[in-house]
*Asks:* 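If you scroll down you'll find the structure; I have some questions about it.
Here is how names work: the chains are called A, B, and so on, in the same order as the sequence lines, proteins then strands, and each is numbered from 1.
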Amino acid sequence: MKRLKFLLSAAALALALNGPALGADVSTHVMTFDFQAINELEVTGTPNLTIASAIAGEQPQEATDSSSTCAITTNGANKRITASIDTAMPAYVTLKVNVAAPSGSGTSQGDVTLATSASNVVTGISPVADSSPAITYKLSATVQAGVLATDTRTVTFTLSD
Amino acid sequence: MKKRLSTIMAIAATLSMLFIAGPVMAAETADQTVALQVTAIDMITATAGPTLIFNPANIEASGGGAYVVGSDAFQITDATTTYSVTTNSASNKKITAHLDTALAATGLALNVALASASGVTSAEVAITTVVALTPVDVVTGLLQEADADQVITYRAVATVETPVATYSPVVTFTLTDQGV
């Protein structure tokens, strides 16, 4: 009897080690989720600014264009948007941009004068996805600027730390 | 045992995956082209014209000073009206003046002088018979200026022969190219 019990135990052990796991209906494995940084910016619109009038005795009236928007997606923290132009403005002519902060995220810096060096236009952006922040451009010139033929500037918006 | 353990580890290695929320975004900048233009701007406006009332209380001696009874000619001056001008022209502009119709009343003469913060003002100019075809310069040398509220001085001269009536000439000021 004793010998029989030993043999049965040995067989059970052999099966456990070498045969199909008769009780192994659960299997586990390790999943890894790796969220990488997502920082995307898209600007739409074709702004057109023409200064064409003045109240007599005053400097020419500013031209405004609010037809553009800025779409943003970021999963980062404390991000900012900067803006710059490719070529300096002519003397006595100023181009400003106002970018609205994404919904519930960040602070707009209001009207910012554009230059070839980047300036903050929105700061303190926390994770957000918003396709509607408005972009408003303002063009101003004094009489000393004279008449300017149609010209263009490329404005570069950058989302960064 | 070893074989089963090896199998499980192999499966784990295979299924250990990088879970990405989406494709890696690299578009951190966006460019936009802005079109700009400044057109020619030449604007002049004047406040409402004055009313010059010839009566004993208002008249002065012709040439200025208190009127002396018995003098034939007398005048009234007015400096209550102004004009404003804005021009971004890179070449000189001037202001001319003319009446819609010449003043024909006997002994009545109208003179005007415009102040200018930045242009060259003419001395008082007689415009009694100056009409649209022959405007006279009252300010010259305006170059990229914005001058507000510049004084217009009128001096009207009359005599006792001037008919007692109301005259309402229209004075036109024009901002135009000065030319050579």
*Asks:* Could you check whether atom OH of A/Tyr92 has more than 12 heavy atoms from other residues, nucleotides or ligands sitting under 6.0 Å from it?
*Replies:*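 No, the 6.0 Å shell around OH holds no more than 12 heavy atoms from other groups.
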*Asks:* Taking every non-hydrogen pair under 4.5 Å, which of A/Ile51, A/Ile72, A/Thr150 racks up the most with chain B?
*Replies:* A/Ile51
*Asks:* Pairing donors with acceptors under 3.5 angstrom, does anything connect the side chains of A/Ser132 and A/Thr69?
*Replies:* no
*Asks:* Is chain B contacted by the side chain of A/Ala149, its backbone, both, or neither, given a heavy-atom distance below 4.5 Å?
*Replies:*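 Backbone only.
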*Asks:* Could you check whether A/Ser140 and A/Glu62, counting side-chain N and O atoms only, form a donor-acceptor pair closer than 3.5 Å?
*Replies:*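 A/Glu62 vs A/Ser140: no donor-acceptor pair found between side chains.
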*Asks:* Distance only, no hydrogens: is a donor on one side chain within 3.5 Å (strictly under) of an acceptor on the other, for A/Thr158 and A/Ser160?
*Replies:* no
*Asks:* Identify which of B/Thr87, B/Asp42, B/Leu175 forms the greatest number of heavy-atom pairs closer than 4.5 Å to chain A.
*Replies:* B/Thr87
*Asks:* Verify the distance criterion only: is there a donor paired with an acceptor across the side chains of B/Ser122 and B/Asp137 at less than 3.5 Å?
*Replies:* no
*Asks:* Is the shortest side-chain heavy-atom distance between A/Val147 and B/Thr39 below 4.5 Å?
*Replies:*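 They are not in side-chain contact.
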*Asks:* A/Ser53 versus chain B, heavy atoms under 4.5 Å apart: side chain, backbone, both or neither?
*Replies:* backbone
*Asks:* Contact part of B/Val85 toward chain A, heavy-atom cut-off under 4.5 Å: side chain, backbone, both or neither?
*Replies:*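 Only the backbone of B/Val85 comes within 4.5 Å of chain A.
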*Asks:* Does the pair B/Lys93/B/Asp177 count as a salt bridge with the N-to-O cut at 4.0 Å?
*Replies:*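 B/Asp177 and B/Lys93: salt-bridged.
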*Asks:* Can you tell which part of A/Ile55 gets under 4.5 Å to a heavy atom of chain B, answering side chain, backbone, both or neither?
*Replies:* backbone
*Asks:* With a 4.5 angstrom heavy-atom cut-off, could you sort out which part of B/Ala40 is near chain A: side chain, backbone, both or neither?
*Replies:*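 Both parts, heavy atoms under 4.5 Å.
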*Asks:* Which answer fits B/Ser89, side chain, backbone, both or neither, if we ask what part of it has an atom under 4.5 Å from a heavy atom of chain A?
*Replies:*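 B/Ser89 has no heavy atom closer than 4.5 Å to chain A.
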*Asks:* Using only heavy-atom distances, determine whether the side chains of A/Ser68 and B/Gln32 contain a donor-acceptor pair under 3.5 Å.
*Replies:*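 Looking only at side-chain atoms, B/Gln32 and A/Ser68 do form a donor-acceptor pair, the distance falling under 3.5 Å.
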*Asks:* B/Ile41 versus chain A, heavy atoms under 4.5 Å apart: side chain, backbone, both or neither?
*Replies:* side chain
*Asks:* Given that the side chain runs from C-beta out, which part of B/Gln150 has a heavy atom under 4.5 Å from chain A: side chain, backbone, both or neither?
*Replies:*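 Neither part, no heavy atoms under 4.5 Å.
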*Asks:* Using non-hydrogen atoms only, which part of A/Tyr137 is less than 4.5 Å away from chain B: side chain, backbone, both, or neither?
*Replies:* side chain
*Asks:* Among A/Leu49, A/Asn48, A/Ile85, A/Thr152, which residue has the highest count of heavy-atom pairs closer than 4.5 Å to chain B?
*Replies:*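 Sorted descending by pairs with chain B, the first entry is A/Leu49.
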